[in-house]
Amino acid sequence: MCLAVPAKILSIDGTVATCDMAGNTTNADISMTPEAGVGDYVIIHAGLAIQKYDEQEALETLALFKELGDTTESQ
């Protein structure tokens, strides 16, 4: 199963962005999303930002992931 996760870009150094992914900080290669800047949301898969993502959609997706996690933990 492949899963891409929304993340917010915190800083950029060359083609590497430091991102907030649901409260965890991770680095991602942003070579495929040169239009993305600090404060933007991107979709990250396997350490590569593959698409710039609408902030509202990103927040809704992250909320769904959290809900799924909460549901799984309560079972």
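In this chain, numbering begins with 1 at the start of the sequence shown.
At a threshold of 4.5 Å between non-hydrogen side-chain atoms, the residues I9 and Y41 do not count as touching. Within the 4.5 Å cutoff, side-chain heavy atoms of M21 are placed close to those of I44. Using a 4.5 Å heavy-atom cutoff, the side chains of F65 and P6 are in contact. Between I12 and V38, some side-chain heavy-atom pair lies under the 4.5 Å cut-off. At a threshold of 4.5 Å between non-hydrogen side-chain atoms, the residues V5 and I43 do not count as touching. At least one side-chain heavy atom of T18 sits under 4.5 Å from a side-chain heavy atom of T25. A 4.5 Å side-chain heavy-atom check between L48 and M32 finds at least one atom pair inside the cut-off.
The main-chain N or O of G23 is found under 3.5 Å from a side-chain atom of D20 such that the two form a donor-acceptor pair.
One distance of note links CG of N27 with OG of S11; it measures 7.5 Å at 0.5 Å rounding. E67 contributes atom CD, which lies 13.0 Å from atom CG of L62 (distance to the nearest 0.5 angstrom). Of the inter-residue distances, the one linking E35 atom CD with I30 atom CD1 reads 9.0 Å to the nearest 0.5 angstrom. The line from CD of Q51 to NE2 of H45 is 13.0 Å long, rounded to the nearest 0.5 Å. The CG atom of L59 sits 11.0 Å away from atom CG of L64, with the distance rounded to the nearest 0.5 Å.
Of all the heavy atoms in V42 and A36, the pair that sits closest is CG1-CB, 3.8 Å. When all heavy atoms of D40 and G37 are compared, the closest pair comes out as OD2-N, 2.7 Å. C19 approaches A28 most closely through the heavy-atom pair SG-CB, 4.3 Å.
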